[in-house]
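Written below as structure tokens is the structure these notes are about.
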Number of protein chains: 2
Amino acid sequence: MAEKTKASRRQRERQRHRTEIVDVAMKLFAEKGFHNVSMQEIAAEAEFAIGTIYNFFDSKEALYREIMDEVANNVLSLVRPILESNADEQEKLAGFIRASILVFRENSAAIRLFLRANQGPLANIGTAHFSETAVEVHDTLQTKLRQVYAAGVRKGTFRALDPRVVSLALDAALRAIVFSVAEDTDETSLEQKVTDIEELFFRGILHDAWNRAASAGAASDRGRS
Amino acid sequence: MAEKTKASRRQRERQRHRTEIVDVAMKLFAEKGFHNVSMQEIAAEAEFAIGTIYNFFDSKEALYREIMDEVANNVLSLVRPILESNADEQEKLAGFIRASILVFRENSAAIRLFLRANQGPLANIGTAHFSETAVEVHDTLQTKLRQVYAAGVRKGTFRALDPRVVSLALDAALRAIVFSVAEDTDETSLEQKVTDIEELFFRGILHDAWNRAASAGAASDRGRS
DNA sequence: TCATATTATGAATTCATATTCATTTCACGC
DNA sequence: GCGTGAAATGAATATGAATTCATAATATGA
């Protein structure tokens with residue numbers, strides 16, 4: 001029993017060190033990107049020797065991948081239930097918007113890292129190819145979004161737009177907002193921004209009056225400067 | 001006169017070589033990102049010796065910066081006139097959407113490079129800090145977009161959403177679509193996607209009937225799973 | 001206190017690229 | 001065909017990390 005406690009103590013210590021390294025690495029990667037952070041830098045910032053880092057992780061890539069995977073799975077576990085709930089499609093999308101922004105609020109560095117690496121659908125190219133998990137998670141969420149939208153279209157809730165376009169646009173727009181919120185640390189504006197994004201996607205930017213008048217001719221009255 | 005022609009010939013040759021190098025470098029940077037392309041690779045692909053590249057550009061960064069600046073200015077010169085025209089705000093935004101996608105069509109590698117480096121409002125961080133010009137161009141366009149939107153709000157054409165949110169969302173969504181179009185080379189779908197984006201932004205995803213019914217209660221009827 | 005196992009250390013090594021520069025090739029005018 | 005300067009060449013060098021590993025420090029249990 002005594003042995004067990006002490007052995008466990010060791011392990012806990014080690015775990016703590018591991019966590020410290022991961023946290024520092026996450027912060028640095030999120031700030032500067034994979035290529036612009038050296039293992040030296042991570043070691044120094046975490047106050048360990050370089051060798052120590054390599055006791056925990058086989059390589060820089062492995063360290064990065066591990067962080068990415070963890071973050072990706074966190075995001076997934078928070079957002080997925082919303083898209084898979086029993087709520088109607090409109091509520092699901094509204095929930096997705098709110099969740100995306102709240103998830104960010106909780107640990108901004110982590111999410112920022114995830115977004116950085118997965119910017120755009122071209123996640124495969126460049127830095128991001130390290131973590132298959134992260135790419136999978138991104139694809140999973142996009143697929144779910146498309147399904148929700150398509151279901152809404154079938155039920156007549158949503159317009160018959162290309163679900164691919166809608167899901168990409170929504171995802172991209174949310175990222176952009178999330179980043180912008182990350183820059184100015186104004187907390188008040190966040191709630192307003194969420195509302196604006198909801199309005200924007202659900203009802204568009206045109207005022208209703210215009211909306212109805214313009215809707216019929218929208219596709220035809222081009223050609224004038 | 002004879003001398004002049006011949007001297008000019010030399011210079012034209014040299015200019016052509018320069019262009020070849022730039023084109024190759026652009027392609028590679030766009031495909032793999034700055035850090036994942038070596039000067040060796042560029043030289044080999046362009047069929048020049050490494051030293052030759054350095055006869056034209058002081059460093060890898062300088063080469064990259066030059067490309068970025070050029071691309072950024074091209075984009076600006078194509079899109080800016082639209083936002084500064086005399087058309088009404090709705091036409092300006094519609095024009096912006098169409099232009100963004102057409103600009104891309106013309107030389108996809110170049111635009112892709114530009115987008116890659118400027119993903120998100122965090123353009124400052126990471127690879128992108130090489131080219132101030134590119135960042136300036138991005139900021140300029142965002143500012144113009146906001147101004148157009150704000151003007152539309154004042155005139156009562158647009159809803160009173162945060163112009164920052166709208167311009168960010170529009171920009172981000174367009175990028176995402178542009179990338180996705182880049183991946184599948186399906187030309188037919190492009191036109192449809194443009195239309196969908198316009199619909200999405202101008203009128204939202206909700207059907208009109210729902211639109212009117214839901215608009216009042218949208219903010220209050222949450223809380224049910 | 002000692003022997004052992006575990007963990008941490010960081011100088012030395014390795015490796016991939018960026019960059020340099022002495023040499024060669026080439027185009028042109030004579 | 002020859003002399004000259006511009007342009008191209010690529011082996012050699014410089015640089016900046018990533019990774020290794022022999023050694024030191026530390027904890028554990030007897």
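In what follows, every heavy atom counts, from backbone to side chain, and hydrogens, waters and symmetry copies are set aside. For clarity, every value in this text was computed on a predicted model and none was experimentally measured. Proteins come first, then strands; the chains are lettered A, B, ... in the order of their sequence lines, and each starts at number 1.
Atom pair B:Tyr54:OH and D:dA12:C1' shows a separation of 14 Å (rounding to whole Å applied). The nearest whole Å value for the distance from the CD atom in A:Glu61 to the P atom in D:dA18 is 11 Å. One can place CG of B:Leu63 at 10 Å from P of C:dT19, the figure rounded to the nearest angstrom. The nearest whole Å value for the distance from the CZ atom in A:Arg12 to the P atom in C:dT6 is 18 Å. Taking atom CZ of residue A:Arg16 and atom C1' of nucleotide C:dT7, one finds them 13 Å apart after rounding to whole Å. Rounding to whole angstrom units, CG of residue A:Asn36 and P of D:dA18 are separated by 11 Å. As rounded to whole Å, 10 Å separates atom P of C:dA18 from atom NE2 of B:His35. The distance between atom CE of A:Met39 and atom C1' of C:dT9, rounded to the nearest whole Å, is 15 Å.
The side-chain hydrogen bond (donor to acceptor under 3.5 Å, both in side chains) test applied to A:Ser167 returns A:Gln142, not counting sequence neighbours. Listed by chain and number, the residues in a ring-ring contact (aromatic ring centres under 6.0 Å, His included) with A:Phe48 are A:His17 (sequence neighbours excluded). Not counting sequence neighbours, the partners of A:Ala49 by the side chain to side chain contact (heavy atoms under 4.5 Å, CB included) test are A:Thr52. Partners of A:Tyr149 according to the ring-ring contact (aromatic ring centres under 6.0 Å, His included) rule, which considers only residues two or more places apart in sequence or in another chain, are A:Phe158.
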**Study point:** B:Asp171/B:Arg175 under salt bridge (Lys or Arg N to Asp or Glu O under 4.0 Å): CA gap, chis, key distance, verdict
**Key:** CA-CA 6 Å; B:Asp171 187 60; B:Arg175 284 171 193 213; 3.2 Å; yes

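For the residue pair A:Lys92 and A:Ala87, the shortest heavy atom distance occurs at CE-O, 3.3 Å.
Between B:Tyr64 and B:Phe29, the angle of the ring planes goes over 60°, which puts this pair in the perpendicular group of the 30/60° scheme.
The pair A:Arg65-A:Glu132 does not meet the salt-bridge criterion, since no charged nitrogen lies less than 4.0 angstrom from a carboxylate oxygen.
Across the helix from C:dT1-D:dA30 to C:dC30-D:dG1, the helix axis at one end is tilted relative to the axis at the other end by 10° (nearest 10 degrees, each axis from five pairs).
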Which atoms of nucleotides 7-9 of chain D (N or O only) lie under 3.5 Å from a protein N or O atom, and what are those distances?
residue, atom, partner, partner atom, Å
D:dA8, OP1, B:His17, ND1, 2.5
D:dA8, OP2, B:Arg14, NH1, 3.0
D:dA8, N7, B:Asn55, ND2, 3.4
D:dT9, OP2, B:Ala49, N, 3.0
D:dT9, OP2, B:Thr52, OG1, 2.7

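For the pair B:Phe201 and A:Leu200, the minimum side-chain heavy-atom distance is below 4.5 Å.
The B:Ser38 side chain lies nearest to C:dT17 when the options are C:dT17, D:dT19, D:dA18.
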